[in-house]
Amino acid sequence: MYYSTVYLSPLGKITLACDADGKNLVGLWLEGQKHYGASLDEPLTENDSVPLFAAAKNWLDRYFAGAEPELAELPLAPRGSEFRQGVWEVLCTIPYGEVITYGAIAKKMAARLRKKSMSGQAVGGAVGHNPISIIIPCHRVVGADGSLTGYAGGLEKKIRLLELEGVDTARFSLPKKGTAL
């Protein structure tokens with residue numbers, strides 16, 4: 001069983017989800033986001049009274065007000081393969097207001113896995129399936145060519161999140177084709 005609640009953000013409605021004992025956040029999805037709830041194997045039961053949700057909403061309030069809340073403030077337990085977990089751990093190291101490329105994440109994952117190289121596409125799949133968006137900052141990942149590609153919540157929302165963090169998005173381009181559109 002998973003519990004859920006809704007948070008009304010400047011980007012629209014966000015659904016938060018936690019595990020059955022209310023100890024760990026397992027999901028944060030923007031309305032209309034690709035892969036919404038895909039990591040969960042049971043339906044969500046709305047329960048606004050879970051204390052963890054109050055803490056997560058407070059974190060989001062501060063984030064959207066321009067503060068830099070720490071990831072460690074919230075107990076996160078995203079569900080996914082070992083590889084995806086590794087990519088999400090790398091995402092958690094991206095500093096507020098900075099970006100990283102898929103290729104740079106692939107190099108980090110190759111080093112972790114003691115491989116010579118790693119597929120940028122595999123990394124892109126893991127980034128795109130991040131079940132706790134915003135808090136696990138997948139919006140901070142860009143293409144090596146400077147394109148703002150690959151955000152399951154939509155490119156407009158990715159741009160707004162980066163601008164909120166003070167990133168000059170004018171230096172990036174929008175992809176001309178692909179699944180991120």
Side-chain angles (χ1 to χ4, degrees), residues 1-100 104-105 108-109 111-113 122-141 150-154 157-158 160-162 164-166:
M1 173 184 291
Y2 300 101
Y3 293 118
S4 69
T5 191
V6 170
Y7 173 80
L8 298 178
S9 81
L11 299 179
K13 188 169 100 173
I14 291 176
T15 299
L16 296 163
C18 71
D19 52 20
D21 59 10
K23 294 199 183 292
N24 297 293
L25 200 62
V26 297
L28 185 156
W29 302 279
L30 298 156
E31 188 171 30
Q33 180 173 329
K34 291 179 187 177
H35 316 299
Y36 184 103
S39 63
L40 305 181
D41 53 7
E42 295 178 32
L44 297 171
T45 300
E46 191 166 337
N47 183 346
D48 298 328
S49 65
V50 175
L52 176 58
F53 290 150
K57 289 176 179 182
N58 177 274
W59 192 100
L60 289 166
D61 284 344
R62 289 181 289 130
Y63 176 81
F64 284 114
E68 299 177 30
E70 296 291 326
L71 292 175
E73 293 177 31
L74 297 171
L76 306 179
R79 296 173 45 97
S81 68
E82 186 176 335
F83 176 75
R84 286 183 178 178
Q85 294 279 343
V87 170
W88 300 333
E89 287 174 16
V90 172
L91 293 179
C92 289
T93 68
I94 308 168
Y96 180 96
E98 295 184 25
V99 296
I100 190 172
I105 295 172
K108 289 179 185 236
M109 287 302 297
R112 278 184 177 207
L113 299 171
V123 167
V127 171
H129 283 83
N130 169 19
I132 307 177
S133 62
I134 301 174
I135 295 172
I136 297 177
C138 53
H139 59 279
R140 297 178 187 156
V141 184
Y151 192 61
K157 291 176 182 170
K158 179 174 187 161
R160 288 181 64 193
L161 290 167
L162 290 172
L164 173 75
E165 294 183 13

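Reckoned from all heavy atoms, side chains included, excluding hydrogens, waters and symmetry mates.
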Does [X] use its side chain to pair, donor to acceptor, with the backbone of [Y] at less than 3.5 Å?
{"X": "Ser133", "Y": "Leu28", "answer": "yes"}
{"X": "Gln85", "Y": "Pro78", "answer": "yes"}
{"X": "Lys158", "Y": "Val141", "answer": "yes"}
{"X": "Asn47", "Y": "Thr5", "answer": "no"}
{"X": "Gln33", "Y": "Gly153", "answer": "no"}
{"X": "Lys34", "Y": "Tyr151", "answer": "no"}

Just how far is it from atom [atom1] of [X] to atom [atom2] of [Y], taken to the nearest 0.5 Å?
{"X": "Leu30", "Y": "Lys157", "atom1": "CG", "atom2": "NZ", "value": "5.0 Å"}
{"X": "Ile135", "Y": "Leu91", "atom1": "CD1", "atom2": "CG", "value": "13.5 Å"}
{"X": "Asn58", "Y": "Leu60", "atom1": "CG", "atom2": "CG", "value": "9.0 Å"}
{"X": "Leu52", "Y": "Leu25", "atom1": "CG", "atom2": "CG", "value": "5.5 Å"}

With sequence neighbours excluded, what pairs up with [X] under the side-chain contact (heavy atoms from CB on, under 4.5 Å) test?
{"X": "Asp61", "value": "Tyr7"}
{"X": "Glu42", "value": "Met1, Tyr2"}
{"X": "Tyr36", "value": "Thr15, Trp29"}
{"X": "Leu164", "value": "Tyr63, Phe64"}

Please examine the side chains of [Y] and [X], heavy atoms only from C-beta on, and report whether any two atoms are closer than 4.5 Å.
{"X": "Ile14", "Y": "Glu31", "answer": "no"}
{"X": "Ile132", "Y": "Trp88", "answer": "no"}
{"X": "Glu68", "Y": "Glu165", "answer": "no"}
{"X": "Val6", "Y": "Leu16", "answer": "no"}
{"X": "Ile105", "Y": "Ile100", "answer": "yes"}

For [X] and [Y], which heavy atoms make the closest approach, and how far apart are they?
{"X": "Pro75", "Y": "Lys23", "answer": "CG-O, 2.9 Å"}
{"X": "Ile94", "Y": "Arg140", "answer": "O-NH1, 2.7 Å"}
{"X": "Ala152", "Y": "Gly128", "answer": "CB-O, 3.6 Å"}
{"X": "Ala77", "Y": "Val26", "answer": "O-CG1, 3.4 Å"}
{"X": "Cys92", "Y": "Leu71", "answer": "O-CD1, 3.2 Å"}
{"X": "Gly12", "Y": "Ser9", "answer": "O-OG, 2.7 Å"}

Suppose the criterion is salt bridge (charged side-chain N to carboxylate O under 4.0 Å, His left out): which pairs have a residue in residues 81-96, not counting sequence neighbours?
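For residues 81-96: Glu89-Arg112.
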Pairs flagged by salt bridge (charged side-chain N to carboxylate O under 4.0 Å, His left out) wherever residues 69-79 is involved - sequence neighbours left out
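Salt bridge (charged side-chain N to carboxylate O under 4.0 Å, His left out) check on residues 69-79 returns Asp41-Arg79, Arg62-Glu73.
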Within a reach of under 6.0 Å around NZ of Lys57, are more than 12 heavy atoms found that belong to other residues, nucleotides or ligands?
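Result for NZ/Lys57: enclosed.
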Let me see the working for Leu8 and Lys13 under side-chain contact (heavy atoms from CB on, under 4.5 Å), right down to the final yes or no.
CA-CA 5 Å; Leu8 298 178; Lys13 188 169 100 173; 4.2 Å; yes
